[in-house]
Participant: 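Below you'll find the structure I mean.
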Amino acid sequence: MHSISYERARDVAHAIELGSTPGSKFIGGGTNLLDLYKSGVERPVRLIDVSRIALNGIERLPDGGVRIGAMASNTQAANHPLVRTPYRVLSEAILNGASAQLRNMATVGGNLLQRTRCYYFTDPAFKQCNKREPGSGCAALDGFNRIHAILGASDACIATNPSDMAVALVALDAGVRLAGPEGERTLPVAEFHRLPGDEPQFDSVIRQGELIMAIDLPPSAFAARSHYLKVRDRASYAFALVSVAVALDLQDGAVRDLRLVLGGVAHKPWRALEAEDVLRGQALGEEVIKRAAAAAVAGAQPRQHNAFKVELAQRAIVRALHSAGGIA
Ligand code: SF4
């Protein structure tokens, strides 16, 4: 029997103090961690309940941006008037994630920390998984890798990040505020998750004892003309095979600047910088959109069962740009 202790943190300082011990894990909504605990994938020795800490506010920042507290539920964040229309791509991404019941429980901070849904990771009956057991190998490399990465993978791991919300946050140049034993720091969400390299056991750069405090959305010239498109096997409660977050700053029909980010294709939200370069300064039209879509996946390295994602990603990019750009 695996024994586990439970403590409720009074405030942020208390949470950091309790969470700094190796083997401790913070728990907010618990919608991913408890599943992984029950299946034996996660084995914390101490759960630190941070759900009662007052970090669930959503407020306007002095610079005109918006701060979303890490303990705000996914539902609160998606439907808040400061988010729903002004940061449309974020609201759409969150509402495309999970089920309504899960969105009511899951927190914004926890959304960023959810773990891959690679079949070989979530089922300990499979012994080869470098993410679960470093050095054990990767069963997905020559296994059923239909949902796996086509960009940025390594020979150690080809898993994808499952978060819809994170993809939209990268498109919005959002920041994540962290507090830990060494103080506070703010990182771009684009730098929060990492590629697998030789250490796929680490999904992000968060350190032991660090607590996500909030997400900061900057005032954005992109946000108003933005869209999240998710392609999945069924209409709800499914993870993205491919998703696209696009945010456009258009002037006189030309793209002054943009963000184009893919989900479901890599170990982290994948910013398609080459595609952005193709589109920047151009009038949005069929030819340039298709060229951008091709540029986005030029470096793809598909596996046996996921080559379809290369074509699917391009089609999703074309459709998302049409929607965000108001092209019929
Ligand atoms: Fe594990 Fe990553 Fe391989 Fe999946 S892809 S089996 S998570 S190492």
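Note that ligands are numbered from 1 as they come in the structure, with each ligand's atoms numbered from 1 the same way.
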Participant: Are a donor atom and an acceptor atom from the side chains of S163 and N111 found within less than 3.5 Å of each other?
Facilitator: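 Yes, N111 and S163 have a side-chain donor paired with an acceptor closer than 3.5 Å.
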Participant: Step by step, work out the salt bridge (Lys or Arg N to Asp or Glu O under 4.0 Å) result for D257 and R280.
Facilitator: CA-CA 6 Å; D257 205 356; R280 202 169 281 111; 2.8 Å; yes
Participant: To check your reading of the model: name the closest protein heavy atom to atom 2 (Fe) of ligand 1, its residue, and the distance in Å.
Facilitator: C157 SG, 2.4 Å
Participant: Could you identify the single nearest non-hydrogen protein atom to atom 5 (S) of ligand 1 and state the distance to 0.1 Å?
Facilitator: I158 N, 3.3 Å
Participant: Is the side chain of N306 donor-acceptor paired with the backbone N or O of H148 at a distance under 3.5 Å, no angle test?
Facilitator: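 Side chain of N306 to backbone of H148: a pair is present.
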Participant: Using a strict 4.0 Å cut-off to heavy atoms of N130, name the atoms of ligand 1 that fall inside it.
Facilitator: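 It comes down to these atoms of ligand 1: 1 (Fe), 8 (S).
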Participant: Using a 4.0 Å cut-off to any heavy atom of F121, which atoms of ligand 1 qualify?
Facilitator: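 Under 4.0 Å from F121, ligand 1 has these atoms: 7 (S).
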Participant: Any chance you could measure I16, atom CD1, to F26, atom CZ, to the nearest 0.5 Å?
Facilitator: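 Going from the CD1 atom of I16 to the CZ atom of F26 covers 6.5 Å.
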Participant: I want to confirm something. Looking only at heavy atoms, which of A156, P200, P196 is nearest to atom 8 (S) of ligand 1?
Facilitator: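 Selected option, by shortest heavy-atom distance: A156.
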Participant: Quick check on atom 4 (Fe) of ligand 1: does C118 put an N/O/S atom closer than 2.8 Å to it?
Facilitator: yes
Participant: If I take atom CD from residue E182 and atom CD from residue E210, how far apart are they, to the nearest 0.5 angstrom?
Facilitator: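 The CD atom of E210 is 7.5 Å from CD of E182, to the nearest 0.5 Å.
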Participant: At what distance is the nearest protein heavy atom to atom 3 (Fe) of ligand 1, and which residue and atom is it?
Facilitator: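 That would be C138 SG, 2.3 Å.
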Participant: Closer than 2.8 Å to atom 1 (Fe) of ligand 1: does that hold for any N, O or S atom in C129?
Facilitator: yes
Participant: State, yes or no, whether a side-chain contact exists between D233 and R146 at a heavy-atom distance under 4.5 Å.
Facilitator: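 Side chain of D233 against side chain of R146, heavy atoms only: contact under 4.5 Å found.
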Participant: Give the residue and atom name of whichever protein heavy atom lies nearest to atom 6 (S) of ligand 1, and the separation in Å to one decimal.
Facilitator: Y120 CB, 3.5 Å
Participant: Compare every heavy atom of E7 with every heavy atom of R46, then report the nearest pair and how far apart it is.
Facilitator: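 For R46 and E7, the tightest heavy-atom pair comes out as NH2-OE2, 2.8 Å.
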